[in-house]
Amino acid sequence: MARGRATLWALAGLLGALSALFLFWQIRGPVDFVLPLRATKLAALVLVGAATGIATVLFQTVAANRLLTPGIVGFDALFVFLQTGLVLMLGGLAVAGLPAFARFLGETALLMLAATALFGLLMRRDAGDVVRMILTGVILGVLLRGLAEMAQRLLAPSEYAVVQQAMFASFGAVERDQLAVAALVLALAGAAALRMAPALDVAGLGRPMARGLGLDHDRVVFLALALVAALVAVSTALVGPITFLGLLAASLGRVVAGSDRHALSLPAAALSGAAILVAGQVVFERLLGMQSTLAVLVEFFGGLLFLALVLRRRRG
Amino acid sequence: MIEVASLSYRAGPVPILHDIRLSLPAGGITALIGPNGAGKSSLLHCIAGLNRPAAGSVRIDGMDPFAVPDRTRARQVAILQQSPALASRLRVRELVAFGRWPHHGGRPGPEDAQATAAALAAFDLDALADRPLDTLSGGQRQRAMVAMAHAQATPWLLLDEPLNALDPRHARDLMARLHALSRPGPGARSVVVVLHDINAAAIWADRVVAMKAGHVIAADSAAKVLRPDLLEQVFDTAFEVVEHAGRRLVMTL
């Protein structure tokens, strides 16, 4: 644990250095204009990275599966679908007219309900059958994405604009009051996840062993899924879906932490997720001269990692 | 004392156990034997409170394992299951320490560290204590799992085929260790163990329960159950039982 804690500090230091690089490197023009702009963007990157990393570790533990992530099984698509459904039912003006804070909390609560019901069922039915679980998860993800898209086609163009805001991974347009809410939800969910860490360690042994040790496994799965939903809502509401970021963050976090103990792997995945996004943004903004998008970069490397993990599992 | 009364169990629509009535006194080793699919594992899981029976009841020293909180149950009865290999970077010491979960619920104290160290020593795991599980052989992993169940410090210890993947020396050591644990005295355990090695049952078990097709065929002392006629009825193959150097040996013909 001592070594693990030292690694966490090193990772935090790296994130700090990357953040400083992002804030101060190649600063041109009026500093008091550029710095706040960059700081807002940095906060969004860190929040999204941390939320995605924590959500992925939680999800992988209760799914007993290192390949699935909330993004792959369609948590974010479910969120977009719910948002679209809300606009369909209430009308775009009514939804856009809601106070941002209330709207976000309402949508988050809705996602938590829907996700625990849907994915709780998936885990109960396919527990122990890894291949079937991956297939069901991926198909579910595609289905939810399709449903979200279909619902959007039913919208009038003006109403569509209300939903569209939420759908594209973009760190360019983040509002500051949104950031405050997101930070609050992330802090609460992160603290709850850390409190659950010992129980998550036991749950990581698999449902049969965990139950034998007297852990109420169903309850842990339910709580973890609820936290995952809250965290996915944070990152999707801020910047839209980035499917493979979680896989990168969780895998890197585990390697860096060198342990499956959640007291280490949760913060390590959070820091890794944040570091990946900040480093990616530095590369894309300052080195590639905005010639691509960060989401594309992350999806590219995340997709490669996904393939590598699948192929390694085949052989092993 | 474990009392199983008129217990039936189904896995989905498939009936597995039929009207099981069984009473196991505390202390000693009880061996569960029977052909594949006889329902030995299912019965063990019902007793441990993990498989909910369709009918009937289980009492462990008067406790209904389905009525008490999970952690209370796990302080009364520990179960070693036939689990798929745990591909985890957990170290052996960390795995064994999980046996203390029902006692501390996430906040281990010094007595938990002590119990973990004692379990590691008892199962010859000191040299492996800091090895990650995914670097162990099947037999070593199996021993670590048994040590974890031991660290749970429960009056009842249920083991589902603990000799799987063990070499002769470690199989013998494990049975001798269970035998010693189950002798009367302070901290004595009552052991119920599913065995496919009938000779291990003949040598170490105080009682043998023979099962077939979801029914208990016989439950008595090892000498009374391990007879050629009864074994043939249970396993559908001919057996010869011989005495050698004061030991009962069972062979298929």
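In the text below, chain A, chain B and the rest are named by the order of the sequence lines, each starting its count at 1.
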In terms of heavy-atom pairs under 4.5 Å with chain A, the winner among B:G106, B:A48, B:A149 is B:G106
Honestly, the part of B:I79 sitting under 4.5 Å from a heavy atom of chain A is side chain
Interface check, chain A: of B:R100, B:R107, B:R73, most non-hydrogen pairs under 4.5 Å belong to B:R73
Check your understanding: So do A:L225 and A:F75 actually touch side chain to side chain, heavy atoms under 4.5 Å?
Key -> yes
Interface check, chain B: of A:G214, A:G204, A:A199, most non-hydrogen pairs under 4.5 Å belong to A:G214
**Message:** Looking at A:D216 and A:R211, is there a salt bridge between them, counting it only when a charged N and a carboxylate O are closer than 4.0 Å?
**Reply:** no
inquiry  = Under 4.0 Å between a side-chain nitrogen and a carboxylate oxygen: does that hold for B:D130 and B:R91?
reply    = no
If one checks every heavy atom of B:R71 against chain A at 4.5 Å, the contacting part turns out to be both
Is A:V298 close to A:L277 at the side-chain level, that is, under 4.5 Å between some pair of heavy atoms? yes
For this output row, return yes or no: ring centroids of A:F301 and A:F244 closer than 6.0 angstrom. no
The interface call for B:L80 against chain A, heavy-atom contacts under 4.5 Å, is neither
